[in-house]
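Everything below concerns the one structure shown next.
Numbers here are sequence positions counted from 1.
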Amino acid sequence: MLHFIEGIAFFVFSFYARIFPMKSELYKNLYLGMTQFSTRMRSYTHAVMDFLASKFDISTMHQELQLIFFTELTTLALMPGTITNAHQLVYTAMQGVYWKPESGQMKFIHVVISRLQRLSTAFSAPGAEAVLTERLTMTLLLLRHTRRQYRIGLLTSHDLPVNYYLRKALNEQMTANFNVVVTNYDSTQSYDIILTTSMEMADLMGIKNDLPLIQMQDFGTGSDFVVLYWYLDTLVSGYLRTDLSEP
């Protein structure tokens with residue numbers, strides 16, 4: 001009987017969560033319920049949030065993600081095998097992004113799911129793993145600001161004022177998706193990627209292609225950013241593989 005009442009309370013929560021702001025007292029009271037069921041659901045949510053926070057900066061989206069995972073994990077716990085239509089959204093979002101099963105991103109997602117499955121058999125029910133994979137894939141597409149920052153050196157033949165505008169433009173566009181900083185190339189510094197608008201100048205400076213050396217047009221074209229984002233996504237993949245243990 002108690003489980004039934006808790007289930008009804010959750011669906012009331014889900015309904016009102018779409019209407020009231022997440023900072024409302026109603027949301028706080030529903031999320032911070034003291035029943036055994038609510039406590040268990042929060043523990044599942046914290047398990048996901050803590051693991052995400054170990055690799056990503058989630059500070060600006062913490063409250064929203066908390067609501068999202070509390071809602072979704074509770075749905076899975078109450079209705080194992082629930083049907084989802086998120087696969088079409090994931091398919092659309094993943095256009096141009098190729099995370100193979102062995103990628104760091106998919107390995108990271110697998111570890112999150114494995115931890116949840118050890119906490120509750122509900123997350124091993126038929127269909128549950130597919131739902132979790134979809135939701136976590138969308139989360140990682142959103143959370144691309146890793147705790148590790150990537151350094152990009154910019155090498156051009158422009159004068160200082162023009163370079164200022166170019167660096168500002170590149171920083172604005174790339175930091176929307178990755179934790180990067182673009183600075184003028186300095187041979188005494190180390191970088192993850194070097195961007196240049198002049199391969200001839202790179203050759204004159206003796207820059208060896210021992211790390212990604214990418215030529216791009218001034219301010220970057222669409223195809224330039226496809227290449228650059230692919231390299232950055234690969235760096236993120238390697239970072240997510242690091243210390244990816246399953247205790």
Is the backbone of [Y] close enough, under 3.5 Å, to the side chain of [X] for a donor and an acceptor to pair up by distance?
{"X": "Asp57", "Y": "His145", "value": "no"}
{"X": "Thr196", "Y": "Leu155", "value": "yes"}
{"X": "Tyr191", "Y": "Asp186", "value": "yes"}
{"X": "Ser237", "Y": "Asp233", "value": "no"}

Just verifying a value: how many Å separate [X] [atom1] and [Y] [atom2], rounded to the nearest 0.5 Å?
{"X": "Ile152", "Y": "Ile214", "atom1": "CD1", "atom2": "CD1", "value": "7.5 Å"}
{"X": "Tyr231", "Y": "Leu213", "atom1": "OH", "atom2": "CG", "value": "9.0 Å"}
{"X": "Glu134", "Y": "Glu72", "atom1": "CD", "atom2": "CD", "value": "10.0 Å"}
{"X": "Arg40", "Y": "Leu73", "atom1": "CZ", "atom2": "CG", "value": "12.5 Å"}
{"X": "Met106", "Y": "Ser103", "atom1": "CE", "atom2": "OG", "value": "6.0 Å"}
{"X": "Arg147", "Y": "Lys55", "atom1": "CZ", "atom2": "NZ", "value": "11.0 Å"}

Heavy-atom side-chain proximity of [X] to [Y] below 4.5 angstrom:
{"X": "Arg135", "Y": "Ile68", "value": "no"}
{"X": "Leu240", "Y": "Lys107", "value": "no"}
{"X": "Arg151", "Y": "Val182", "value": "no"}

Discussion item. Go through it in stages, so that I can follow the logic: the residues are Leu235 and Phe178, the test is side chain to side chain contact (heavy atoms under 4.5 Å, CB included), and I'd like the CA-CA distance, side-chain angles, deciding distance and then a yes or no.
Written reply: CA-CA 10 Å; Leu235 289 173; Phe178 298 95; over 6 Å; no
Discussion item. Would you say the rings of Phe70 and Tyr44 are close, in the sense that their centroids are separated by under 6.0 Å?
Written reply: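 No - the distance between ring centres of Tyr44 and Phe70 does not fall below the 6.0 Å cut-off.
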Discussion item. For the aromatic rings, using the six-membered ring if either is Trp, is the centroid distance between Phe108 and Phe56 under 6.0 Å?
Written reply: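 That pair passes the under 6.0 Å test.
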Worksheet item: Taking only residues two or more places apart in sequence, or in another chain, which ones meet Asp50 in a side chain to side chain contact (heavy atoms under 4.5 Å, CB included)?
Response: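 If we apply the side chain to side chain contact (heavy atoms under 4.5 Å, CB included) test to Asp50, skipping adjacent residues, the hits are His46.
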Discussion item. Checking Asn177 now: which residues fulfil side chain to side chain contact (heavy atoms under 4.5 Å, CB included) with it, not counting sequence neighbours?
Written reply: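 Partners of Asn177 under the side chain to side chain contact (heavy atoms under 4.5 Å, CB included) test: Arg144, Tyr229.
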Worksheet item: Would Asn184 and Arg167 satisfy side chain to side chain contact (heavy atoms under 4.5 Å, CB included), going step by step from the backbone distance to the final call?
Response: CA-CA 8 Å; Asn184 288 332; Arg167 281 192 298 105; 3.1 Å; yes
Fill in: Those residues that, when tested against Arg148, pass salt bridge (charged side-chain N to carboxylate O under 4.0 Å, His left out) (two or more places apart)
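Expected list: Asp192.
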Discussion item. Please find the pair of heavy atoms, one from Thr175 and one from Val180, that lie closest to each other, and give the distance.
Written reply: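 The pair with the smallest heavy-atom distance is CG2-O, 3.3 Å.
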Discussion item. Minimum heavy-atom separation for Tyr185 and Ile194, please, with both atom names.
Written reply: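 Closest heavy-atom pair between Tyr185 and Ile194: CE1-CD1, 3.6 Å.
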Extract all donor-acceptor atom pairs below 3.5 Å that involve side chains of residues 119-130 and protein atoms in other chains or at least two apart in sequence.
unit_1, atom_1, unit_2, atom_2, d
Ser120, OG, Ala122, N, 3.1
Glu129, OE1, Gln117, NE2, 3.1

Discussion item. Once side-chain hydrogen bond (donor to acceptor under 3.5 Å, both in side chains) is applied, do any residues pair with Ser190, and if so which ones, sequence neighbours excluded?
Written reply: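 None.
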Worksheet entry | side-chain hydrogen bond (donor to acceptor under 3.5 Å, both in side chains) partners for Tyr239, two or more places apart |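 For Tyr239 there are no side-chain hydrogen bond (donor to acceptor under 3.5 Å, both in side chains) partners, ignoring immediate neighbours.
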Worksheet item: Considering the options Leu116, Leu52, Leu132, which one meets the side chain to side chain contact (heavy atoms under 4.5 Å, CB included) requirement together with Phe69?
Response: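 So, applying the side chain to side chain contact (heavy atoms under 4.5 Å, CB included) to Phe69 and each of Leu116, Leu52, Leu132, only Leu52 qualifies.
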Item to complete: Identify the residue among Leu232, Val181, Asn179 that makes a side chain to side chain contact (heavy atoms under 4.5 Å, CB included) with Met174.
Response: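 When side chain to side chain contact (heavy atoms under 4.5 Å, CB included) is applied between Met174 and each of Leu232, Val181, Asn179, only Leu232 qualifies.
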Item to complete: Please lay out, stage by stage, how Thr139 and Leu65 fare under the test side chain to side chain contact (heavy atoms under 4.5 Å, CB included).
Response: CA-CA 9 Å; Thr139 302; Leu65 287 175; 4.3 Å; yes
